[in-house]
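To keep things clear, I will list the structure first and then write my remarks on it.
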Amino acid sequence: MTDETEVARKVLTQIINNEPPTREELEKEYGVGNVWTTNELQEKFKVIGFMAPMCVVQNKVTGKKGTVYFAHMPRFYFDFQEDK
């Protein structure tokens, strides 16, 4: 099976992890409350699936599904985008 997103995902993964962002940098770009550690993400969302550098998640309170990106080290999840 061919993954048509593989090349784009690899490039995006390299961009995100080339100079790993700090929490402060991510919050400045994506907003406070839109950046999570692994534990924080697990409290707020159910992880449905992932293909680096993205996870598909479902908000445990609202049931809304969407996508977050993640940086590898340090591990931060960020930029929740709700499915339309």
Side-chain angles (χ1 to χ4, degrees):
M1 179 178 228
T2 302
D3 176 2
E4 296 176 8
T5 68
E6 182 177 12
V7 172
R9 288 185 306 98
K10 282 184 178 182
V11 169
L12 189 53
T13 299
Q14 288 176 338
I15 290 169
I16 291 171
N17 292 302
N18 186 39
E19 290 186 34
T22 65
R23 183 178 195 125
E24 292 77 20
E25 292 168 333
L26 291 169
E27 287 178 338
K28 185 175 181 180
E29 185 166 350
Y30 300 105
V32 174
N34 204 17
V35 178
W36 306 273
T37 63
T38 299
N39 288 339
E40 292 167 341
L41 183 87
Q42 290 172 334
E43 288 175 14
K44 184 169 180 121
F45 297 99
K46 174 183 177 185
V47 176
I48 298 170
F50 68 94
M51 291 183 89
M54 297 169 270
C55 289
V56 177
V57 296
Q58 182 175 25
N59 185 297
K60 290 182 177 180
V61 173
T62 66
K64 294 180 180 180
K65 293 180 183 178
T67 304
V68 294
Y69 292 95
F70 65 90
H72 179 64
M73 193 68 154
R75 180 66 60 115
F76 289 114
Y77 298 84
F78 56 94
D79 194 23
F80 175 74
Q81 296 292 313
E82 184 180 326
D83 289 350
K84 296 183 184 199

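Model, not experiment: these values are computed from the prediction.
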- Item | Pair Trp36-Val68, side-chain contact (heavy atoms from CB on, under 4.5 Å): steps then yes or no | CA-CA 10 Å; Trp36 306 273; Val68 294; 3.9 Å; yes

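Sorted by first then second residue, the ring-ring contact (aromatic ring centres under 6.0 Å, His included) pairs that include residues 2-25, not counting sequence neighbours, number zero. Sorted by first and then second residue, the ring-ring contact (aromatic ring centres under 6.0 Å, His included) pairs involving residues 2-23 (not counting sequence neighbours) form an empty list. Applying the salt bridge (Lys or Arg N to Asp or Glu O under 4.0 Å) test to pairs two or more places apart or on separate chains, those with a residue in residues 35-63 are Arg23-Glu40. Sorted by first then second residue, the side-chain hydrogen bond (donor to acceptor under 3.5 Å, both in side chains) pairs that include residues 10-21, not counting sequence neighbours, are Glu6-Lys10.
For Glu29, there are no salt bridge (Lys or Arg N to Asp or Glu O under 4.0 Å) partners, not counting sequence neighbours. Applying the side-chain hydrogen bond (donor to acceptor under 3.5 Å, both in side chains) criterion to Lys28, with sequence neighbours excluded, gives no partner residue. Every residue meeting the side chain to side chain contact (heavy atoms under 4.5 Å, CB included) condition with Thr62, not counting sequence neighbours, appears here in chain and number order: Asn59, Lys64. With sequence neighbours left out, the salt bridge (Lys or Arg N to Asp or Glu O under 4.0 Å) criterion links Glu24 to no other residue. By the side-chain hydrogen bond (donor to acceptor under 3.5 Å, both in side chains) test, Thr5 pairs with Asp3, Arg9, sequence neighbours left out.
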Run the side-chain donor-acceptor check on residues 76-84: report pairs under 3.5 Å with partners two or more places apart or on a different chain.
unit_1 : atom_1 : unit_2 : atom_2 : d
Tyr77  : OH     : Arg75  : NH1    : 3.4
Asp79  : OD1    : Gln81  : NE2    : 2.7

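The hydrophobic cluster containing Val35 does not contain Phe45, counting ILVMFWY residues as joined when their side-chain heavy atoms lie under 4.5 angstrom apart, directly or transitively. Under the 4.5 Å side-chain heavy-atom criterion for Ile, Leu, Val, Met, Phe, Trp and Tyr, Met51 and Tyr69 are members of distinct hydrophobic clusters.
Annotation for Val56: hydrophobic cluster partners, listed by chain and number, are Ile48 (ILVMFWY side-chain heavy atoms under 4.5 Å, direct or chained).
The minimum heavy-atom distance between Pro74 and Pro21, with the atom names listed, is CG-O, 4.2 Å.
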